[in-house]
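Have a look at the structure below before the remarks.
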Amino acid sequence: MESADMQLVMFALIATIPLVGAMMAITPLLQPDGQAFSVSVPETAQSDPGIRVLKQRFVAIIAALTTVLTLAAVAFCLMGSMKAVMALVVAGSLVPLVAGYGLIVRYRRCVQAIKRERGWQAEAQQRVAAIGEGAEDTPRAISLAWNWLYAPVILLTVGVAIAGYPVMPAQIPVHVDFSGAVTDVAVKSPVVAAFPVALELFLAGCFVFSHWTVLRSKKGTEPGNPASSAWAYGMFAHAQTVFLLVGGLVITAVCGLLIELSMIGVLPITGAVAAIVVVAMLIAAGDVILNAVYGQSGSRVFRMQRSDTLLVDDDAYWKLGLFYYNPGDVSLFLPQRSGFGWTVNWARPAVWAVMAGFVVATALLVVLCVAMVD
Amino acid sequence: MFARIDQALDVPLYQQLRNEIVRGIAQDELAPGDALPSVRNLASDLGINLHTVNKAYALLRDEGYVEMKGRKGAFVSQPAAAADTAVAKERLSRDIHQLALAFKASGGARQEFEQQVKAQLDEVFCEKE
């Protein structure tokens, strides 16, 4: 049973490599038409031969890298070399990302050269925003109030911890190796029993914060197609927040409850780990599908009319094409330019405070983990 | 409605935003009682700073197009409040006078000015019907 659980864990971990690779490979293909490799271009430039070649090359390189890493991980798994598999899983999750963003930075320069050569210049610097009652009919992100659903999940875990504490063993397994053998234990205490609840609070906090950033974000409305792009962005934000809520609730419940149950001894730790890893992979796969269906900021929701006029050029604010820095923009959060979802405006001091808060919260959780094992 | 501003133009952004909201009211895209977005949301969506939107809203309030309801925010005023005041009529008269002077100074004829005014009136008031 434990061996089967660990095989499932290995399979799910290896699946991270193609998932990360797939997400990276589709990134430049699913951005709004007004940009290519983080450069503002006229929408009709998407059919420019130079830009199409860069996109094809990007997909080919990332797909080849991902395939090699995945096959190597599968081969080592079949040979039983679990340490090599783990090393490949870590490399396989990082290499496509680093290579992908490296290529985006490189191809950005190529697109800038094409842009100069073709004489694509913005005659205007237009911005649009929805105003008035009609704007309320547009699809939008779901309300933050939905996050109250985390309360019963956390309360249930608290209830399980309290009810199960008397039967909890004196030494609780907290770490296993690849064969399923326990390598670390924690001594029973109220702090140890409360760890799954702390983990749930941390996860719920992260998900609620992510949801709040979507609600506070600048909307991805394009000056060329304001109504359809606002509608598409609204559908994208709606889908993303529904997925965030459902995925967040599932992973929070699975992490907290299953770890608590394994501490009490109702469930073997390997079973809990296998369930958590598999659920995490399914959520990651769902995210790839969601992004492929909607495109960044809903770019795939409508087949919008492509214009050959460049109405806005934000290139100066996107450092390396990846980091938004605009002191004249009050927005803290805004849609990503080279990726899916949202990013921050690094010119706002509040963003730095938020990042510091996140680092402190993560550090506290790590300290709690270490204290628990010690 | 969609408010559109252009940072490449010489016209100040708060003035452009004010003009867009006035256009929305004139073209019935904004009705009396409609809520305007919060200053922060509108500034964020347009990618500009808070002061610019605050200035536009202050201007609209002084001109009677918008009323502020404390923490509830800004709302489009009833038309009577905007057009029937002595201040509004005086402003309209002054603006037309300035335009006529500028047109005459640049060599324009009275008849041509009247034609231009009529064409604009036809466009604006036809859209309302």
Side-chain angles (χ1 to χ4, degrees), chain A residues 121-138 140-141 213-231 233-234 237 309-314 316-318 324-335 337 342 344-345 347-348 350, chain B residues 1-57 59-61 65-67 72-77 79:
Chain A
Q121 267 191 326
E123 300 297 331
Q125 196 64 3
Q126 291 190 9
R127 316 275 173 194
V128 286
I131 293 183
E133 300 295 303
E136 287 175 8
D137 301 331
T138 310
R140 61 182 60 201
T213 63
V214 176
L215 294 172
R216 277 293 301 267
S217 167
K218 180 205 292 280
K219 295 173 191 68
T221 311
E222 293 163 22
N225 305 296
S228 49
S229 64
W231 191 276
Y233 175 82
T309 311
L310 193 49
L311 294 174
V312 64
D313 189 335
D314 277 344
Y317 303 125
W318 287 92
Y324 185 72
Y325 187 94
N326 182 359
D329 183 351
V330 73
S331 308
L332 296 178
F333 311 104
L334 69 158
R337 208 177 204 207
W342 289 264
V344 295
N345 179 4
R348 310 304 310 173
Chain B
M1 70 161 286
F2 289 94
R4 185 184 297 268
I5 59 169
D6 188 343
Q7 291 172 313
L9 296 178
D10 289 336
V11 184
L13 292 178
Y14 74 87
Q15 189 73 48
Q16 292 186 43
L17 184 54
R18 175 261 176 210
N19 292 347
E20 282 291 278
I21 292 171
V22 170
R23 179 185 60 79
I25 296 169
Q27 295 180 347
D28 284 343
E29 291 180 29
L30 288 173
D34 278 1
L36 296 183
S38 72
V39 171
R40 177 169 289 280
N41 280 349
L42 188 52
S44 173
D45 286 349
L46 291 171
I48 55 180
N49 70 48
L50 296 173
H51 303 304
T52 307
V53 179
N54 269 322
K55 279 168 84 173
Y57 277 14
L59 199 57
L60 287 162
R61 185 166 66 167
Y65 295 113
V66 160
E67 54 188 321
K72 286 183 180 174
F75 293 80
V76 177
S77 304

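Since this is a predicted model, take the numbers as computed values, not measurements. Just so you know, these numbers use all the heavy atoms, side chains as well, and skip hydrogens, waters and symmetry mates. Convention: sequence-line order gives letters A, B, ...; per-chain numbering from 1.
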Kindly give the heavy-atom pair with the smallest separation between [X] and [Y], and that separation in Å.
X         : Y         : answer
Ser44(B)  : Val330(A) : N-CG1, 3.5 Å
Lys218(A) : Gly47(B)  : NZ-CA, 3.0 Å
Pro37(B)  : Ile131(A) : CD-CG2, 3.8 Å

- prompt: Using a cut-off of under 4.5 Å for heavy-atom pairs, which of Ala3(B), Gly24(B), Ala8(B) has the most such pairs with chain A?
  reply: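 Most heavy-atom pairs under 4.5 Å with chain A: Ala3(B).
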
Options Thr52(B), Ile5(B), Asn49(B), ranked by heavy-atom pairs under 4.5 Å with chain A, top entry: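 Option with the greatest count: Ile5(B).
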
Sidechain-backbone polar pair: Arg4(B) side chain, Gln126(A) backbone, donor-acceptor under 3.5 Å: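 Looks like no, no N/O pair under 3.5 Å.
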
message: Please classify the contact between Ala122(A) and chain B as side chain, backbone, both or neither, with a heavy-atom cut-off of under 4.5 Å.
response: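 Neither part; nothing is under 4.5 Å.
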
message: Rounded at 0.5 Å granularity, tell me how far CD in Gln7(B) sits from CG in Asp314(A).
response: 8.0 Å

- prompt: Per the side-chain contact (heavy atoms from CB on, under 4.5 Å) rule, which among Asp45(B), Leu46(B), Leu17(B), Leu13(B) passes with Arg127(A)?
  reply: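 Result for side-chain contact (heavy atoms from CB on, under 4.5 Å) with Arg127(A): Leu46(B).
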
